[in-house]
Amino acid sequence: MQTLVNDISDYMKEIELPIVDTNNQYISTASMIDSLSRLAHQTTNCGWIVVIDNADESYPGFVDIVGEFVRRGSFLIITSRKKDIVKKEAVHIPLQGLEPDAALSLVKHLLPKEMNETDDNIFQLCNELQFYPLGIRHAIANITNQQITSFSKYGVNEFLEDLRKRGTEVVSESMLLEYPQSILMIMEMTLEKIKREKKNGADAIKVLNVLSLVNADGVTIDYLGRLVKNCTKMEDMEPPLILLKSFCFVEVSRSEELSISIHRVVQTIVRDKIKAEKEIEQLLDKLLGCHENSIWSLDRNQILHLMQIWEHSFEYSNLVKGHSDMATDIFNKLLSLTLYRELLWFTKSIASALRHISGGRELDILWMEYWHCLGIDVCGEYEEALKQYNIVWEKQVKHVGQYHPHTLLTQEQIAVILCKMKKWEESLKKHREVYSLMLKHLPKNHSHTRITQHNIAICLKEKGELDEALPIFQDVYDFRKENYGPTASWTLNTRSHIADIWFQKMDFEKARLEYEEVYMISKGEEGELHENTIRAMEMSAKSLWELGRKQEGYGKLSEVAGLYEKARGSKHPTTLMIQDLLREWNSQINSQINTMS
């Protein structure tokens with residue numbers, strides 16, 4: 001999802017369409033698509049074509065984006081290896097190779113001008129590769145490199161002869177059955193040639209091995225350099241990358257910073273080779289290890305690469321057991337970056353992997369399952385989250401006891417879910433039961449105890465018992481400010497809830513000033529998509545509305561709707577609630593305008 005959204009915003013920047021509004025806030029994905037649509041209809045009397053390439057994984061946001069393009073009249077082309085990537089009515093076109101004339105033109109364009117190959121020879125090459133552009137590009141790269149390195153006349157015929165010498169060997173038995181074996185054999189030939197390169201060949205293979213285990217697109221040079229250096233002690237990556245680029249194994253692009261992309265077929269072939277050579281587990285171990293103490297410094301793109309490394313690691317029990325300690329940091333980082341779907345996938349995967357490992361500690365497994373419940377919770381699936389929390393709680397009582405900190409924390413999250421479901425009395429009763437148990441079995445200033453105290457105040461606030469809630473919030477705020485600092489996420493969260501008290505007491509200006517300050521600090525510390533940032537902005541918009549600054553409040557809430565959609569998805573309960581409120585406000589503004597006119 002994030003790659004697709006980034007591609008849309010990058011394209012907007014490329015054609016100089018704004019991706020921020022007048023307040024320098026990022027506009028929603030739907031608004032970006034709307035801008036592209038308006039431009040398309042202004043500049044052409046025909047339709048406009050949108051191509052979404054390599055859509056090989058299905059996720060909820062993808063269907064929403066497809067819907068936005070279709071609603072705005074685009075002719076949408078999606079390339080994918082999944083036949084059911086779009087559930088809606090669509091024409092499915094199985095892709096074959098290029099038309100012969102197009103393939104011929106491509107080869108002539110790629111071949112050095114001094115090579116005078118006949119159309120006959122070129123046709124034989126294209127036919128051997130079933131007219132696939134991927135194979136053609138790699139074949140020409142092979143031919144060109146062979147000419148340069150051997151100083152001999154090496155052309156299409158010689159290349160075809162080398163290819164046919166390999167016979168009908170099966171290169172890969174994995175997910176590549178849809179590709180002609182001739183293409184896979186070319187890549188095998190290329191890998192062997194790179195290995196034989198005396199200068200930079202071995203290093204190029206090491207770089208390629210690392211690239212095979214991260215996401216195929218958008219690997220920044222800086223991040224790749226860190227991974228390669230940690231795994232291989234290589235200091236200078238530039239010469240190996242130049243060699244790989246000359247063989248069309250990688251592409252180099254620059255948007256905001258220099259990054260590398262690699263074709264998924266190349267990734268799969270390289271992974272198959274390092275698996276066969278029994279090297280993959282050791283390499284994954286090093287890749288996971290070099291992230292151990294740096295998870296909090298990873299950006300959104302880098303944490304997604306780490307998720308890919310983990311995906312390859314789940315089948316190796318030693319890796320899962322050896323690196324499961326980093327899981328909690330990963331959960332918290334995904335949570336802070338609002339990567340809720342990724343959090344849901346990761347928690348489910350690691351809990352399942354640990355459960356299937358012989359000798360896995362039940363406490364560790366239950367802790368992962370707790371985080372999976374939290375993933376369901378933050379995705380807004382409250383009924384399912386409540387059901388799963390109860391299942392985990394029953395297991396915790398059985399295996400670690402009802403007074404273990406993890407067991408108590410699960411009970412606390414059950415109370416939180418009840419609060420989100422607006423079951424105030426039930427929630428408050430549960431909160432108070434848990435708080436009483438925590439005071440007996442944990443110190444008063446234990447983080448879990450303070451969380452429960454904070455959540456009791458939230459429940460009281462939602463019930464309208466403001467005078468009872470305020471001193472509890474203030475006590476928690478003073479503790480968090482002293483122990484975590486005034487700009488810490490937990491401290492800002494409590495400060496924002498204190499501002500809610502002023503809002504509900506109808507002191508809207510005092511509340512607005514508090515929200516604005518929380519917003520500015522949180523945006524600088526945590527980013528614009530953090531829960532504290534968006535919520536403070538939302539409540540600031542509501543304060544403006546109540547102060548009579550309705551247009552200003554409406555504009556700010558529109559930005560909030562875009563941020564919630566980006567952070568949580570278009571179907572999340574909070575996103576839907578804000579969109580409903582926007583419609584209500586818009587109706588009131590229009591009604592007021594009509595009355596005045």
Side-chain angles (χ1 to χ4, degrees), residues 335 366-367 369-371 373-374 376-378 380-484 488-505 531-532 535 539 573-574:
L335 202 56
L366 290 172
W367 185 234
E369 289 181 348
Y370 163 83
W371 273 94
C373 295
L374 190 62
I376 300 170
D377 174 357
V378 295
E381 298 168 20
Y382 301 139
E383 293 282 357
E384 181 62 20
L386 183 60
K387 176 184 167 186
Q388 294 303 322
Y389 274 130
N390 276 303
I391 291 170
V392 170
W393 177 73
E394 287 173 6
K395 290 180 186 176
Q396 287 172 325
V397 169
K398 179 181 176 181
H399 291 284
V400 297
Q402 61 179 321
Y403 305 126
H404 189 280
H406 290 183
T407 313
L408 294 172
L409 192 60
T410 303
Q411 275 192 285
E412 171 56 21
Q413 284 305 126
I414 289 170
V416 169
I417 287 288
L418 291 169
C419 188
K420 289 178 180 179
M421 295 168 74
K422 304 189 188 309
K423 297 180 178 181
W424 315 125
E425 292 296 338
E426 199 178 339
S427 174
L428 191 58
K429 182 182 176 184
K430 187 77 171 174
H431 276 310
R432 283 173 167 158
E433 285 174 7
V434 175
Y435 188 59
S436 176
L437 288 170
M438 284 184 173
L439 288 176
K440 285 181 183 177
H441 299 280
L442 297 172
K444 183 187 176 183
N445 287 334
H446 191 283
S447 61
H448 294 181
T449 314
R450 287 294 187 174
I451 287 169
T452 304
Q453 186 186 9
H454 180 267
N455 289 336
I456 287 172
I458 290 175
C459 208
L460 288 166
K461 180 195 72 176
E462 295 298 336
K463 282 185 70 192
E465 297 174 17
L466 307 180
D467 292 332
E468 192 177 347
L470 183 57
I472 300 174
F473 275 135
Q474 195 63 55
D475 182 41
V476 174
Y477 176 73
D478 292 342
F479 169 78
R480 287 179 168 179
K481 184 179 177 182
E482 183 181 342
N483 287 273
Y484 307 132
S489 179
W490 280 359
T491 312
L492 291 174
N493 182 259
T494 308
R495 186 176 175 183
S496 189
H497 282 291
I498 292 172
D500 291 350
I501 301 286
W502 307 128
F503 182 91
Q504 287 181 238
K505 284 177 175 281
E531 172 71 21
N532 287 340
R535 188 180 182 280
M539 294 308 297
T574 309

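Judged as a ring pair (Phe, Tyr, Trp, His ring centres under 6.0 Å), and not counting sequence neighbours, the contacts of W490 are Y484. Applying the salt bridge (Lys or Arg N to Asp or Glu O under 4.0 Å) test to E425 and every residue at least two apart in sequence or in another chain returns K463. With sequence neighbours excluded, the residues that form a salt bridge (Lys or Arg N to Asp or Glu O under 4.0 Å) with D500 are K461, R535. Remark: E462 engages no residue in a salt bridge (Lys or Arg N to Asp or Glu O under 4.0 Å) (not counting sequence neighbours).
Between K430 and I414, some side-chain heavy-atom pair lies under the 4.5 Å cut-off. At least one side-chain heavy atom of N493 sits less than 4.5 Å from a side-chain heavy atom of H454.
At most 12 heavy atoms of other shown residues, nucleotides or ligands fall within 6.0 angstrom of atom NZ in K387. Within a 6.0 Å sphere centred on CG of N445, heavy atoms belonging to other residues, nucleotides or ligands number more than 12. Within a 6.0 Å radius of NZ in K395, more than 12 heavy atoms belonging to other residues, nucleotides or ligands are found.
Of all heavy-atom pairs between P573 and G380, the closest is CG-O, 3.5 Å. Shown here for H497 and I458, the closest heavy-atom pair between the two residues is NE2-CD1, 3.6 Å. When all heavy atoms of L386 and L418 are compared, the closest pair comes out as CD2-CD2, 4.2 Å. Here the closest heavy-atom approach between residue A415 and residue S427 is recorded as O-OG, 2.7 Å. The two residues G401 and T407 have their closest heavy-atom pair at O-OG1, 2.8 Å. Here the closest non-hydrogen pair linking R480 and T491 is O-OG1, 3.4 Å.
Note that the CD atom of Q388 and the CD1 atom of I417 stand 11.5 Å from one another [nearest 0.5 Å]. Rounding to the nearest 0.5 angstrom, the gap separating the CZ atom in F503 from the CE atom in M539 is 4.5 Å. Atom CG of L409 and atom OG1 of T452 lie 7.0 Å apart (nearest 0.5 Å). Atom CG of L366 and atom CD of Q396 lie 5.5 Å apart (nearest 0.5 Å). To the nearest 0.5 Å, atoms CD1 (I501) and OG (S496) are separated by 11.0 Å. The distance from atom CD of E369 to atom OG1 of T410, rounded to the nearest 0.5 Å, is 10.5 Å.
The backbone N or O of P443 lies less than 3.5 Å from a partner atom in the side chain of T449, making a donor-acceptor pair. Checked by atom type and distance alone, the side chain of N455 never pairs as donor or acceptor with a backbone atom of V416 at under 3.5 Å.
N532 and S489 form a side-chain donor-acceptor contact under 3.5 Å, judged by distance and modelled atom types alone.
Within the structure, every pair that satisfies the ring pair (Phe, Tyr, Trp, His ring centres under 6.0 Å) test and touches residues 422-442, not counting sequence neighbours, is listed here: Y403-H441.
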Checklist entry - Could you walk me through whether L466 and L470 pass the side chain to side chain contact (heavy atoms under 4.5 Å, CB included) check? => result CA-CA 6 Å; L466 307 180; L470 183 57; over 6 Å; no

Checklist entry - So K420 and D377, side chain to side chain contact (heavy atoms under 4.5 Å, CB included) or not? Walk me through it. => result CA-CA 10 Å; K420 289 178 180 179; D377 174 357; 2.7 Å; yes

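Using bins of under 30°, 30° to 60° and over 60° for the plane-to-plane angle, the ring pair W367/W371 lands in the perpendicular bin.
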Check: residues 471-479 side-chain donor-acceptor pairs under 3.5 Å, at least two apart:
from, atom 1, to, atom 2, distance (Å)
Q474, NE2, D478, OD1, 3.3
D475, OD2, R450, NH1, 3.0
D475, OD2, Q453, NE2, 2.8

